[in-house]
Amino acid sequence: QVQLVESGGGLVQPGGSRRLSCAASGSIFSINAMGWYRQAPGNQRELVATITSGGITNYADSVKGRFTISRDNAKNTVFLQMNNLEPEDTAVYYCNANIRTHALFIGRDYWGKGTLVTVSS
């Protein structure tokens, strides 16, 4: 089995910063792309940022210039540094990773359970 566990959520004031972490564990052969998605109340889940195993990143327009995604391949961990947070960033943030559990298997997507980020004064 594979598990993704997020951490770092909480309450932050507008203009503040927060760093999310997500660690993958279990039967892992290799990890392809990793990413962060979010879901605000009443909205669909949306992409925030992704990063390939080689470090190529992609961001939603709404977070460009404010959020930075990075990863530590040795620790199977992905991070999301969030700066200049806005109330509109309030959401449950989910970690996603495309993971191969065996050399003969193709990758499949795994999800964490999510961590709540609330931006409010």
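On a predicted model such as this, the values are computed, not experimentally measured, just so you know. What you see below is based on every heavy atom in this structure, not just the backbone, and it leaves out hydrogens, waters and symmetry mates.
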Quiz item: Would I28 and V2 satisfy side chain to side chain contact (heavy atoms under 4.5 Å, CB included), going step by step from the backbone distance to the final call?
Solution: CA-CA 7 Å; I28 297 172; V2 171; 4.3 Å; yes
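- Using a cut-off of 4.0 Å between Lys/Arg side-chain N and Asp/Glu carboxylate O, R18 and D89 are scored as not salt-bridged.
- To the nearest 0.5 Å, the span separating CG on N96 from CD on E6 amounts to 10.0 Å.
- Judged by distance alone, the side chains of Q81 and N83 do bring a donor and an acceptor atom under 3.5 Å apart.
- The structure places CZ of R19 at 9.5 Å from OG of S7, a figure rounded to the nearest 0.5 Å.
- With F105 as the aromatic partner, R108 does not meet the cation-pi criteria of under 6.0 angstrom to the ring centre and within 45 degrees of the ring axis.
- In terms of hydrophobic clustering, with Ile, Leu, Val, Met, Phe, Trp and Tyr side chains grouped at heavy-atom distances under 4.5 Å, F67 and Y37 are assigned to different clusters.
- I31 and L20 fall within a single hydrophobic cluster, where Ile, Leu, Val, Met, Phe, Trp and Tyr side chains are chained together by heavy-atom contacts under 4.5 Å.
- Using modelled atom types, no side-chain atom of Q39 and backbone atom of V92 make a donor-acceptor pair closer than 3.5 Å.
- The side-chain contact (heavy atoms from CB on, under 4.5 Å) test with C95 singles out one residue from Y110, W111, W36, and that residue is W36.
- With rounding to the nearest 0.5 angstrom, the OG atom of S27 is 12.0 Å from the CZ atom of R100.
- Under a cutoff of 6.0 Å and an axis angle of 45°, R71 and F79 do not form a cation-pi pair.
- In this structure Q13 satisfies the side-chain hydrogen bond (donor to acceptor under 3.5 Å, both in side chains) test with no other residue, sequence neighbours excluded.
- Considering every non-hydrogen atom in both N98 and G107, the closest pair reads OD1-CA, 3.4 Å.
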Quiz item: For N58 and L47, what are the C-alpha separation, side-chain angles and deciding distance, and is it a side chain to side chain contact (heavy atoms under 4.5 Å, CB included)?
Solution: CA-CA 9 Å; N58 178 56; L47 179 146; 4.1 Å; yes
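- The minimum heavy-atom distance between P14 and S120, with the atom names listed, is CD-C, 3.6 Å.
- Evaluation of the ring pair (Phe, Tyr, Trp, His ring centres under 6.0 Å) rule for F29 yields no partner, not counting sequence neighbours.
- The hydrophobic cluster containing Y94 does not contain V119, counting ILVMFWY residues as joined when their side-chain heavy atoms lie under 4.5 angstrom apart, directly or transitively.
- Rounding to the nearest 0.5 angstrom, the gap separating the CD1 atom in I106 from the OG1 atom in T101 is 10.0 Å.
- What you find for R66 and L85 is that their closest heavy atoms are NH1-CA, 3.9 Å.
- The backbone N or O of A33 sits nowhere less than 3.5 Å from a side-chain atom of T52 that would complete a donor-acceptor pair.
- Using modelled atom types, one finds a donor on one side chain and an acceptor on the other under 3.5 Å when comparing R38 with Y93.
- The hydrophobic cluster containing L4 also contains I51, counting ILVMFWY residues as joined when their side-chain heavy atoms lie under 4.5 angstrom apart, directly or transitively.
- Not a single ring pair (Phe, Tyr, Trp, His ring centres under 6.0 Å) links Y59 to another residue, sequence neighbours left out.
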Exercise. Evaluate the criterion side chain to side chain contact (heavy atoms under 4.5 Å, CB included) for residue pair V78 and I69; output intermediate values, then yes/no.
Key: CA-CA 7 Å; V78 63; I69 189 170; 3.8 Å; yes
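- Between the CG atom of L11 and the OG1 atom of T118 there is a distance of 6.0 Å, given to the nearest 0.5 Å.
- Atom CD of residue Q3 and atom CG of residue N76 lie 13.5 Å apart, to the nearest 0.5 angstrom.
- No donor-acceptor pair closer than 3.5 Å links the side chain of S62 to the backbone N or O of A60.
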